[in-house]
There are 2 protein chains.
Amino acid sequence: MTETTDAKVLSHPLTLTPTQKRFILHWGEMGSKWGVNRTVAQIHALLMVSKDPLNAEQITDTLAVARSNVSTSIRELQGWGIVEVIHRLGDRRDYFHTMQDVWQMFRIVAAKRKQREIDPTADLLRELVETPDLKETDPYTHQRLNNLLTFIQTMTRWYQQVERLSPKAISNMAKLGAKLGSMFERRTTKR
Amino acid sequence: MTETTDAKVLSHPLTLTPTQKRFILHWGEMGSKWGVNRTVAQIHALLMVSKDPLNAEQITDTLAVARSNVSTSIRELQGWGIVEVIHRLGDRRDYFHTMQDVWQMFRIVAAKRKQREIDPTADLLRELVETPDLKETDPYTHQRLNNLLTFIQTMTRWYQQVERLSPKAISNMAKLGAKLGSMFERRTTKR
DNA sequence: CATATATTTCAGTTTGTTCAGAAATTAATG
DNA sequence: CATTAATTTCTGAACAAACTGAAATATATG
């Protein structure tokens, strides 16, 4: 019950520029649209614009959320594999930072989302399409499910090719996209 | 208060095969992972495996959800542009059906999601990156935001190319992906 | 090993979402 | 234009998720 307890509350508040604030708030709002909770997204944004790694207390003070909330949120970001811990000599606290490479980050998140949001459906569809006699007894449903499965498999295969490319390669593909597109389009119409 | 009121409750229940049931239930569960509510996803699944268009009452009875819930959910599906109304001579009820072409459905949904989940961020980033003096006063943040923006723009441009392709063209790209990928990879390392 | 510091877990509260049923609205029919 | 059928909107209850503050646990240091 000493007066020092209060002094600790805002021991390491970070000063954010207006630009940084707007980015963090926006990223937090978009989080909900992406299925990520606001605090998690805000912390991620903060780490993205922060030059140096931050400890949990700094994050707490800067974003004005509960310490426990920061703990849980960081855990989730680590679960996604986009936030890492750093330690400093003479400091026992955990310092967090996020990867610099946006393409790398995208790849990691895309892989996780595919695993959670696509793979289970692909598995079930495979099973259902192979249901004995389905093709005969209910050809319509069989056809519909099979179309869906084929589509998912095609997209998956295609994603796996793209996933391996370097950022530079992706950028080049985007630039050459128009040509490529028409190339493939022609190739198929010929058939 | 006549006895006819009760008879109406289950007037047009649809008979679903076990396969159809499993698909509908699974699609409903996955819905939450995709940010779509369960009933909306279930109705969508039901329409996908239903050969004929269904009216609201049939959907209500088959899925055992409230009539009002069906109304709201169908509205949302129409909002996504993947469910349409059909009318029949001598029947004033609305009949609903979903498009057959999976690739077409994907395109529509992808476009909507891009619009909701990507475009606002791209807009903000463009604005922030152009903040006067940011490059000088806070080069680190500027760099980070700019990287993000560039990435989003690249992916967007690339998506726009792909979006125009036919299903067949996509499938071909997936098959040729490996070759293409290494082609681009080589091209960039040379630079 | 006692103390200080850092982190995680937990219970309770707040906030947001889903859903069924009632009420209101819209459209059709004689 | 009154009646019936079809559909949408509104409302409150049940449920689920996010968040906080406090307590419990873990870790370092003299």
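Chain naming here is simple, since letters A, B, ... match the order of the sequence lines and numbering starts at 1 in each. All figures in this text were calculated on a predicted structure; none of them were measured in a lab.
- Axis angle across the helix from C:dC1-D:dG30 to C:dG30-D:dC1, with five pairs used at each end and values rounded to 10°: 20°.
- Rounded to an integer number of Å, the gap from B:L63 CG to C:dT18 P is 17 Å.
- Nearest to the side-chain atoms of B:R93 among the listed nucleotides D:dA6, C:dT8, D:dT9 stands D:dA6.
- The interatomic distance linking A:D91 (CG) with D:dA28 (C1') rounds to 12 Å, in whole Å.
- Taking atom CD on A:E76 and atom C1' on C:dT8, their separation rounds to 16 Å, with Å as the unit.
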What does the list of N/O pairs under 3.5 Å between the protein and nucleotides 11-16 of chain D look like, with a distance for each?
none

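- A straight line from CD of B:Q58 to P of D:dA6 spans 12 Å, rounded to a whole angstrom.
- A:I43 has its CD1 atom 13 Å from the P atom of C:dT7, to the nearest Å.
- Remark: side-chain polar atoms of A:Q58 are paired, donor with acceptor, to backbone N or O of A:N55 under 3.5 angstrom.
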(request) List the protein contact pattern of nucleotides 19-30 of chain C with one symbol per nucleotide (5' to 3'): B for base contact, S for sugar-phosphate-only contact, - for none; contact means a heavy-atom distance under 4.0 Å. (result) SBBB-----S--
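- No side-chain donor from either of A:Q160 and A:R157 sits under 3.5 Å from a side-chain acceptor of the other.
- In this structure, B:R88 places its CZ atom 14 Å from P of D:dA6, rounding to the nearest Å.
- Protein atom CD1 of A:I59 is 12 Å distant from nucleotide atom P of C:dT8, rounded to whole Å.
- Every side-chain contact (heavy atoms from CB on, under 4.5 Å) that B:V85 has, sequence neighbours left out, goes to B:Q78, B:H87, B:D94, B:F96.
- Projected onto DNA chain D by closest heavy-atom contact, A:V36 and B:F96 fall at different nucleotides, the more 5' of which corresponds to B:F96.
- With sequence neighbours excluded, the residues satisfying salt bridge (charged side-chain N to carboxylate O under 4.0 Å, His left out) with B:D119 are B:K114.
- Using a distance-only test at 3.5 Å, with no hydrogens or angles considered, no donor-acceptor pair links the side chain of B:T98 to the main chain of B:M48.
- Taking the salt bridge (charged side-chain N to carboxylate O under 4.0 Å, His left out) definition, one finds that A:R88 meets it with nothing, sequence neighbours left out.
- Ring orientation note: the planes of B:W27 and B:F23 are tilted relative to one another, at an angle of 30° to 60°.
- Crowding of A:R75 atom CZ: a count of heavy atoms from other residues, nucleotides or ligands under 6.0 Å not exceeding 12.
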(request) With side chain to side chain contact (heavy atoms under 4.5 Å, CB included) as the test, would you mind laying out the steps for A:D61 and A:E57 before giving the verdict? (result) CA-CA 6 Å; A:D61 296 342; A:E57 196 188 0; 3.9 Å; yes
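- Distance alone, capped at 3.5 Å, places no donor-acceptor pair between the B:S71 side chain and the B:R67 backbone.
- In this structure, B:D61 atom CG and D:dA6 atom P are separated by 12 Å, rounded to whole Å.
- In this structure, A:R38 contributes its side chain and A:G28 its backbone to no donor-acceptor pair below 3.5 Å.
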